[in-house]
Amino acid sequence: MPELPEVETVRRDLTAVILHQKIKSVKILSQPTIKNSPALFLRILKNNEFVKIERIGKLLIFNLANGKNYLLVHLKMTGQLIYDSGKNVVVGGHSLNKNRTEEMVKPQRSTRVYFIFADGSRLFFNDQRRFGYLKIVDYNELEKIKSKYGLEPLTPEFKKDKWRQIFSGRKKNVKALLLDQSLVAGVGNIYADEVLFASGILPNRLANSLKLVEIDKIFKNLQIILARAIAERGTTFNNYVDGHGRKGGFVNFLKVYGRKGQNCKKCKTPLKSTKVAGRGTIYCIKCQK
DNA sequence: CCTTGTGTTCTCCG
DNA sequence: CCGGAGAACACAAG
């Protein structure tokens, strides 16, 4: 599940390889994935270039060289953006493209859209469950979408007083608050559970019941955990891969997510599983209050 | 049946 | 009756 650290990893990976490359052609294999008419989509992208890649929450924003359009890409649950340079690439000691054949460079079953650049390299958008999308917007539409997002962690604007403000008078539980993109951008189920465990707070606590010291703990741990997850190139639990098709390493640092029934790493008590904010939730009954 | 991110819709409350 | 908040539902496919 791509959340802020995973999307940021993809953003950085692709920034290093696709900027200022002329887009020679675009193949649309799944029409519903494109939230524009295919004609418009192709017209804008063909012979254009990506000049910058930004991110807000879990949304990627590819700035185009024409100066007025932006390609939005949301990976949702199973989306992947994988760059293939077309050259021999060594990953984990294996030469992926050795003895490349026409067969090998074909799109995969889950490929919905792909781009071919002038130098022959390609960018694949794969999405098994077809929740993800690509959408070309103009500046006004972009600003409208941006305005719906809340505080962006890991930016200078992420300040403690603004954070406390989010909690005050809010009646929803703290996990639902963390998942609410209009309050704080980029947190999904994995990092919500991890941050709450690190902060020693039960996911079903109501936001307005938290003491300031508890709110501040979440503030701190959210930044620490997201930064660490980016350093580890994200969490690959099921489907996520980075901009080169490689897995992320933060899965080795997860303390609660996906560890239902296993012993708490802090106190050895078996972790409990429940549903909070409509999502599967893992927590330690002893370490979280 | 479960899984999840988000847009939409419904419901409640003041 | 309006608006906001929050919860519930819809979506896809393995």
Side-chain angles (χ1 to χ4, degrees), chain A residues 1-11 29-36 55-61 72-81 108-113 125-135 137 141-142 144-153 165-196 203-210 222 226 229 234-241 248 250-251 254 256-261 271-283:
Chain A
M1 285 56 66
E3 304 179 26
L4 187 153
E6 291 75 33
V7 177
E8 177 62 17
T9 300
V10 170
R11 188 192 72 78
L29 308 184
S30 163
Q31 205 126 297
T33 296
I34 306 297
K35 301 302 177 189
N36 310 93
R55 177 191 58 74
I56 182 165
K58 305 166 192 171
L59 183 69
L60 286 167
I61 304 161
L72 307 182
V73 179
H74 204 300
L75 303 174
K76 290 288 180 88
M77 295 165 61
T78 58
Q80 304 174 328
L81 276 170
Q108 302 171 18
R109 174 187 288 274
S110 65
T111 299
R112 309 303 174 197
V113 177
F125 177 76
N126 301 336
D127 185 21
Q128 193 172 76
R129 297 187 191 178
R130 296 185 203 241
F131 268 31
Y133 63 84
L134 286 72
K135 183 179 189 184
V137 297
E141 213 172 341
L142 175 66
K144 202 172 145 191
I145 290 166
K146 275 188 175 176
S147 71
K148 291 178 184 164
Y149 284 88
L151 299 181
E152 183 73 35
Q165 195 65 39
I166 287 176
F167 284 74
S168 81
R170 213 162 281 277
K171 288 178 181 157
K172 64 165 69 177
N173 63 56
V174 62
K175 174 152 180 178
L177 182 151
L178 288 173
L179 295 175
D180 187 334
Q181 304 300 300
S182 71
L183 298 177
V184 51
V187 181
N189 212 24
I190 297 174
Y191 297 105
D193 277 11
E194 292 299 315
V195 167
L196 289 172
N204 64 356
R205 291 271 306 278
L206 294 187
N208 66 0
S209 80
L210 297 194
L222 180 60
L226 292 178
T235 300
T236 296
F237 200 81
N238 295 317
N239 191 262
Y240 164 74
V241 291
F250 195 73
V251 69
L254 296 178
V256 286
Y257 184 85
R259 300 191 65 248
K260 172 181 179 178
L271 296 174
K272 291 276 184 198
S273 167
T274 181
K275 213 156 202 145
V276 178
R279 298 297 172 219
T281 301
I282 313 292
Y283 66 101

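Chain A is the first sequence line, chain B the second, and so forth, proteins listed ahead of strands; every chain is numbered from 1.
Heavy-atom nearest nucleotides on DNA chain C were determined for Arg279(A) and for Lys172(A), and the one closer to the 5' end corresponds to Lys172(A). Mapping Lys171(A) and Lys76(A) onto DNA chain B by nearest heavy atom places Lys76(A) at the nucleotide closer to the 5' end.
Of the candidate nucleotides dG5(B), dA13(C), dT6(B), dA13(C) has the atom lying nearest to any side-chain atom of Arg129(A). When the nucleotides dG5(B), dG7(B), dA12(C) are ranked by their closest atom to the side chain of His74(A), dG5(B) comes out on top. Nearest to the side chain of Gln181(A), among dG6(C), dC11(C), dT6(B), sits dT6(B).
Taking atom CZ of Arg170(A) as the reference point, atom C1' of dA5(C) lies 8 Å away to the nearest angstrom. Separating the CG atom of Asn238(A) from the C1' atom of dA13(C) is a distance of 13 Å, rounded to the nearest angstrom. Atoms CD (Glu3(A)) and C1' (dG5(B)) sit 9 Å apart, rounded to a whole Å. Here the C1' atom of nucleotide dA7(C) and the CG atom of Leu177(A) are 15 Å apart, to the nearest Å. Atom-to-atom, NZ of Lys260(A) to C1' of dC2(B) comes out at 10 Å; the value is rounded to the nearest Å. Between the CG atom of Asn173(A) and the P atom of dA5(C) there is a distance of 16 Å, rounded to whole Å. To the nearest angstrom, P of dT3(B) lies 9 Å from OH of Tyr257(A). Between the NZ atom of Lys35(A) and the P atom of dT6(B) there is a distance of 14 Å, rounded to whole Å.
Within the nucleic acid shown, Lys275(A) comes within 4.0 Å of sugar-phosphate atoms alone, with no base atom in reach, counting heavy atoms only. Tyr191(A) comes within contact range of no nucleotide atom at all, as no heavy-atom separation falls under 4.0 Å.
Between Phe237(A) and Tyr257(A), the ring planes are perpendicular. Angles over 60° get that label, and only those under 30° would be called parallel.
When all heavy atoms are compared, the tightest approach of Thr78(A) to Arg129(A) is OG1-N, 3.0 Å.
With sequence neighbours left out, Thr33(A) forms a side chain to side chain contact (heavy atoms under 4.5 Å, CB included) with Ser30(A), Arg112(A), Val113(A), Phe125(A), Leu134(A).
Within a 6.0 Å radius of NZ in Lys172(A), more than 12 heavy atoms belonging to other residues, nucleotides or ligands are found. Other residues, nucleotides and ligands contribute at most 12 non-hydrogen atoms within 6.0 Å of the NZ atom of Lys171(A).
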